[in-house]
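Scroll down for the structure; my scribbles are underneath it.
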Amino acid sequence: MGKVIVLGAKGRFGNAAARAFAEAGWQVTAFARNWDKAPAAPIQTLEGDARDPATLVAACQGFDVIVNALNPLYENWVRDLMPMAQAVIAAAKASGATVIIPGNVYNYGAEGPELWTETTPWHPTTRKGRLRVEMENAFRNAGVRTIVLRGGDFITGGMTTNWFEAHIAKASRKGRTMYPGPRDRIHAWAYLPDMARAAVQLAERREQFAAFEEFGFDGYTLTGAELIDEIARATGKTQKVSAMPWPLLRLLGLFNRRMREIGEMQYLWNIPHRMDGRKLERTLPDFRQTPVAEAMQQALADR
């Protein structure tokens with residue numbers, strides 16, 4: 001297999017990626033600012049500031065793959081996203097490692113086709129979308145071998161800050177669901193354990209790819225009504241559905257940066273969109289995603 005360091009390993013994708021690589025037999029080191037509770041063996045840990053190039057260059061020496069799962073809080077993206085990216089680029093150049101980035105859909109913006117592919121032009125219409133484009137282009141232009149695995153909103157388990165766990169299904173075990181947009185629009189979802197497994201399999205084939213390679217992770221494409229039905233089946237409870245109070249969020253955004261950044265993403269709930277997974281399917285023909293009903297059962301099991 002090989003040796004992988006997962007940056008931002010306490011975060012959602014980072015945590016899932018560390019476990020997936022370990023389960024596949026890789027030697028895994030999990031990097032984070034601090035560890036109050038270390039991951040289970042055989043995963044090793046390192047601590048440090050990911051914004052400091054010297055720290056990352058030293059931490060990443062000897063690794064074959066760097067998973068860049070660093071994801072600052074929305075309100076800190078302007079300050080932290082590019083310094084972190086430049087530090088990862090410096091580390092990758094020094095070590096010769098391949099970088100894997102969990103991409104999101106912010107690059108595409110509010111205009112364009114319903115189906116987003118690896119060749120869909122990037123026309124971001126939000127501040128965070130423009131920052132993601134700048135970040136990914138920095139890796140492309142640096143000549144660092146990079147794999148971007150791009151998916152929709154994450155579905156995972158536990159209490160996270162994801163849309164699904166923190167907002168939509170927060171009270172689903174009590175029969176209450178909040179949905180942020182019209183229920184007749186399709187929306188792209190990615191079950192995080194599956195996306196992490198796909199990242200591992202791409203890492204194992206990294207030498208086959210171009211210097212900068214993108215893959216769409218199609219996950220689940222569900223309307224709001226379909227997602228609510230899946231939640232109801234998984235919980236065994238009919239769901240009383242409420243809407244996201246977007247006007248209140250925008251008002252709060254006048255005084256609170258996080259609320260302003262969340263409000264900026266309303267467009268993703270209003271426009272129908274889905275990811276094209278055909279390139280990934282051609283590359284990983286034996287990869288199988290978890291059925292959506294099973295994923296919902298697992299994601300909602302501890303609520």
Side-chain angles (χ1 to χ4, degrees), residues 12 74 103-117 120 124-126 128-129 150-195 216-250 252-253 258-259 261-277 289-303:
R12 293 155 290 178
Y74 267 175
N104 61 34
V105 300
Y106 300 175
N107 303 44
Y108 300 122
E111 305 294 335
E114 178 181 289
L115 178 66
W116 290 334
T117 77
T120 300
T125 51
T126 65
K128 290 183 290 300
R150 195 180 311 283
D153 274 309
F154 292 159
I155 295 174
T156 183
M159 293 304 296
T160 75
T161 57
N162 288 351
W163 274 101
F164 183 80
E165 287 85 20
H167 302 285
I168 293 172
K170 183 178 181 179
S172 61
R173 286 289 176 188
K174 299 177 182 179
R176 301 195 303 273
T177 291
M178 186 284 296
Y179 195 74
R183 300 181 211 171
D184 61 346
R185 316 286 166 81
I186 57 173
H187 190 88
W189 294 96
Y191 184 48
L192 206 47
D194 285 352
M195 191 170 170
F217 184 83
D218 54 351
Y220 313 125
T221 301
L222 301 169
T223 65
E226 289 169 337
L227 180 70
I228 293 162
D229 287 345
E230 293 291 349
I231 292 172
R233 277 191 285 271
T235 59
K237 292 186 177 182
T238 300
Q239 299 293 306
K240 181 179 180 181
V241 184
S242 61
M244 185 77 172
W246 291 108
L248 175 60
L249 209 64
R250 285 191 289 273
L252 292 173
R258 181 173 296 186
M259 293 300 103
E261 297 297 337
I262 292 174
E264 188 182 56
M265 308 317 295
Q266 182 181 4
Y267 79 96
L268 280 172
W269 302 99
N270 292 333
I271 62 170
H273 64 272
R274 56 194 177 99
M275 294 298 302
D276 185 353
Q289 296 195 48
T290 304
V292 63
E294 182 180 337
M296 286 291 170
Q297 287 283 356
Q298 294 175 4
L300 298 173
D302 56 355
R303 291 183 175 270

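Note that the structure is predicted; figures quoted are calculated from it, not measured. Quick note: numbers below take in every heavy atom, side chains included, and nothing from hydrogens, waters or symmetry partners.
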Between [X] and [Y], which heavy-atom pair has the shortest distance, and what is it?
X: V105; Y: G152; result: CG1-CA, 4.2 Å
X: A110; Y: T125; result: N-OG1, 3.0 Å
X: P124; Y: G129; result: CB-C, 3.4 Å
X: M195; Y: A190; result: SD-CB, 3.9 Å
X: P182; Y: W269; result: CD-O, 3.3 Å
X: M296; Y: A234; result: CB-CB, 3.8 Å

Would you compute the distance between atom [atom1] of [X] and atom [atom2] of [Y] and round it to the nearest 0.5 angstrom?
X: I231; Y: T238; atom1: CD1; atom2: OG1; value: 12.5 Å
X: T126; Y: E261; atom1: OG1; atom2: CD; value: 8.5 Å
X: R176; Y: K237; atom1: CZ; atom2: NZ; value: 9.5 Å
X: L252; Y: I262; atom1: CG; atom2: CD1; value: 10.0 Å
X: L227; Y: Q239; atom1: CG; atom2: CD; value: 10.0 Å
X: D194; Y: Q289; atom1: CG; atom2: CD; value: 5.5 Å

| query | CZ of R233: more than 12 outside heavy atoms within 6.0 angstrom? | reply |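 Count over threshold, so yes.
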Spell out, as yes or no, whether a donor-acceptor pair under 3.5 Å connects the side chain of [X] to the backbone of [Y].
X: R150; Y: N104; result: yes
X: H187; Y: L268; result: yes
X: E226; Y: T223; result: yes

Partners of [X] by side chain to side chain contact (heavy atoms under 4.5 Å, CB included), sequence neighbours excluded?
X: I271; answer: W116, Y267, H273
X: T117; answer: L115, T119, T120, D276
X: Q266; answer: W246, R250, N270

Do [X] and [Y] make a side-chain contact, defined as non-hydrogen atoms from C-beta onward lying under 4.5 Å apart?
X: F154; Y: E165; answer: no
X: R274; Y: D218; answer: no
X: E114; Y: I186; answer: yes
X: E230; Y: W189; answer: no
X: R12; Y: N162; answer: yes
X: L248; Y: M259; answer: no
X: P193; Y: T290; answer: no
X: K174; Y: T235; answer: no

| side-chain contact (heavy atoms from CB on, under 4.5 Å) partner of Y191, the single match among F164, F217, Y220 |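 Testing Y191 for a side-chain contact (heavy atoms from CB on, under 4.5 Å) against F164, F217, Y220 leaves exactly one candidate, Y220.
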| Donor-acceptor pair between E264 and Y74 side chains, under 3.5 angstrom |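 There is no such pair between these side chains.
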